[in-house]
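Accompanying notes for the structure given below.
Count residues from 1 along the sequence.
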Amino acid sequence: MTPPPRVVITAAAAELLEQLMDRHGPVMFHQSGGCCDGSSPMCYPQGDFLVGDRDVLLGVLDVGDGVPVWISGPQFATWKHTQLVIDVVPGRGGGFSLEAPEGMRFLSRGRAFSDSENALLDAAPVISGSDYERGQRPPSRGPVVAEAADACSVPARRAGHVPR
């Protein structure tokens, strides 16, 4: 079995991303670790953000020619059990992120992986910034999903069932 993608993007976010790529050329994301822009996925022209040797490639989104999504190594250790869902909402994006002037902002949502998904992911090697520099690429791309609920589904509650 193949591991699930560590990152997906909603159709609405993919549409905005395609508009940004038409204007700015190839782009990339880096999942911010906090500080000035909170925990927003920051969108940059490819090459404007220097990926560190220990940054981790969450995946390449299946938008345009592919959009890499990076996260810092220490933050990956915290998020590795969660699928990142890149969505878009009205508002002002992070100061350095390309969508800032568009009246929309990219937003990270998450879905916890199941035990079986985590087992598959644990068996798959991650690609670091230095690995990527040497030409390593993921075997597949992170798909576009209709909306965040498609990736972040919550199990239905049964009548009288109290979650533990």
Side-chain angles (χ1 to χ4, degrees), residues 3-113 121 126-153:
R6 289 190 181 276
V7 62
V8 298
I9 187 168
T10 64
E15 184 178 324
L16 176 58
L17 194 56
E18 286 173 346
Q19 292 169 14
L20 294 173
M21 291 186 313
D22 286 345
R23 270 184 250 141
H24 301 281
V27 299
M28 56 148 324
F29 277 107
H30 193 277
Q31 176 59 44
S32 174
C35 183
C36 304
D37 293 306
S39 59
S40 300
M42 303 293 287
C43 183
Y44 301 103
Q46 198 138 11
D48 275 16
F49 182 89
L50 297 178
V51 174
D53 288 347
R54 295 185 300 164
D55 284 348
V56 172
L57 181 67
L58 290 177
V60 176
L61 297 171
D62 196 16
V63 179
D65 289 335
V67 176
V69 180
W70 294 93
I71 192 169
S72 73
Q75 193 172 4
F76 174 75
T78 302
W79 282 62
K80 70 182 179 179
H81 303 294
T82 306
Q83 183 179 61
L84 186 71
V85 181
I86 297 178
D87 199 3
V88 66
V89 294
R92 180 145 165 73
F96 299 108
S97 194
L98 288 176
E99 84 282 6
E102 303 300 318
M104 301 294 283
R105 69 181 184 95
F106 290 114
L107 176 75
S108 297
R109 299 184 190 276
R111 177 187 71 84
F113 289 122
L121 288 163
V126 296
I127 297 173
S128 68
S130 57
D131 296 332
Y132 195 82
E133 196 62 32
R134 288 192 298 274
Q136 288 187 7
R137 298 295 184 269
S140 60
R141 291 187 174 182
V144 176
V145 296
E147 56 187 49
D150 293 338
C152 301
S153 59

(request) Compute the centroid of each ring, for Phe49 and then for His30, and state whether the two points are separated by less than 6.0 Å. (result) yes

(request) Grab the two heavy atoms, one from Ile127 and one from Pro138, that are nearest each other, plus how far apart they are. (result) CD1-N, 3.4 Å

(message) In the structure I gave you, are the side-chain heavy atoms of Val27 and Leu17 within less than 4.5 Å of one another anywhere?
(response) yes

(request) Return yes if some donor-acceptor pair links the side-chain N/O of Gln83 with the main-chain N/O of Pro5 below 3.5 Å, else return no. (result) yes

(message) For Ser108 versus Ser40, what's the shortest heavy-atom pair and its separation?
(response) OG-C, 4.4 Å

(message) Suppose we screen for ring-ring contact (aromatic ring centres under 6.0 Å, His included). Which residues come up paired with Tyr132, at least two apart in sequence or across chains?
(response) Trp70

(message) Restricting to non-hydrogen atoms, name the atom on Cys43 and the atom on Glu99 that form the minimum distance, rounded to 0.1 Å.
(response) CB-OE1, 4.1 Å

(message) Checking Val85 against Thr10 for the side-chain contact (heavy atoms from CB on, under 4.5 Å) test, could you report, in this order, the C-alpha distance in whole Å, the side-chain angles of both residues, the deciding distance, and whether it holds?
(response) CA-CA 7 Å; Val85 181; Thr10 64; 4.1 Å; yes

(message) Between Leu107 and Val88, is there a side-chain heavy-atom distance shorter than 4.5 Å?
(response) no

(message) Nearest 0.5 Å, please: how far is CD in Glu133 from OG in Ser128?
(response) 10.0 Å

(message) For the CZ atom of Phe106 and the CG atom of Asp87, what is their distance to the nearest 0.5 Å?
(response) 10.0 Å

(message) Could you measure the distance from the CD1 atom of Ile71 to the CD atom of Gln75? Nearest 0.5 Å is fine.
(response) 4.0 Å

(request) Taking the side chain as every heavy atom from C-beta outward, state whether Met104 and Val89 have any atom pair closer than 4.5 Å. (result) no

(message) Looking at every heavy atom in both Pro68 and Leu57, which two are closest together, and how far apart are they?
(response) CB-CD1, 3.8 Å

(message) Using side-chain contact (heavy atoms from CB on, under 4.5 Å), reason through Trp79 and Leu58 one step at a time and then give a plain yes or no.
(response) CA-CA 10 Å; Trp79 282 62; Leu58 290 177; over 6 Å; no

(message) Give me the atom names and distance for the closest heavy-atom approach of Leu121 to Pro4.
(response) CD2-O, 3.5 Å

(message) For a quick test of reading the model, state the closest non-hydrogen atom pair linking Asp131 to Val126 and the distance between them.
(response) OD2-O, 3.7 Å

(message) Within this structure, what is the NE2-CZ distance for the pair His81 and Arg111, rounded to the nearest 0.5 Å?
(response) 13.5 Å

(request) Using atom types as modelled and distance alone, determine if a side-chain donor or acceptor of Ser97 lies under 3.5 Å from a backbone N or O of Ala100. (result) no

(request) Tell me, please, which residues at least two apart from Asp48 pass salt bridge (Lys or Arg N to Asp or Glu O under 4.0 Å). (result) none

(request) Check whether the ring centres of Tyr44 and Phe29 lie less than 6.0 Å apart, and answer yes or no. (result) no

(message) Tell me if a side-chain donor or acceptor on Arg6 pairs with a main-chain N or O of Lys80 at a distance below 3.5 Å.
(response) yes

(message) How long is the straight-line distance from CG of Leu98 back to CE of Met21, given to the nearest 0.5 Å?
(response) 11.0 Å

(message) Taking atom CZ as the centre, does Arg137 end up with more than 12 heavy-atom neighbours from other residues, nucleotides or ligands that are less than 6.0 angstrom away?
(response) yes

(message) Within the structure provided, determine whether Ile86 and Leu61 are in side-chain contact (heavy-atom separation under 4.5 Å).
(response) yes

(message) Just by distance, no angles: are the side chains of Asp55 and Ser72 close enough, under 3.5 Å, to form a donor-acceptor pair?
(response) no

(request) Using the salt bridge (Lys or Arg N to Asp or Glu O under 4.0 Å) rule, collect all pairs that involve residues 15-30, keeping only residues at least two apart or in two chains. (result) Arg23-Glu102

(message) A side-chain contact here means heavy atoms from C-beta on lying under 4.5 Å apart; do Ile9 and Val63 qualify?
(response) yes

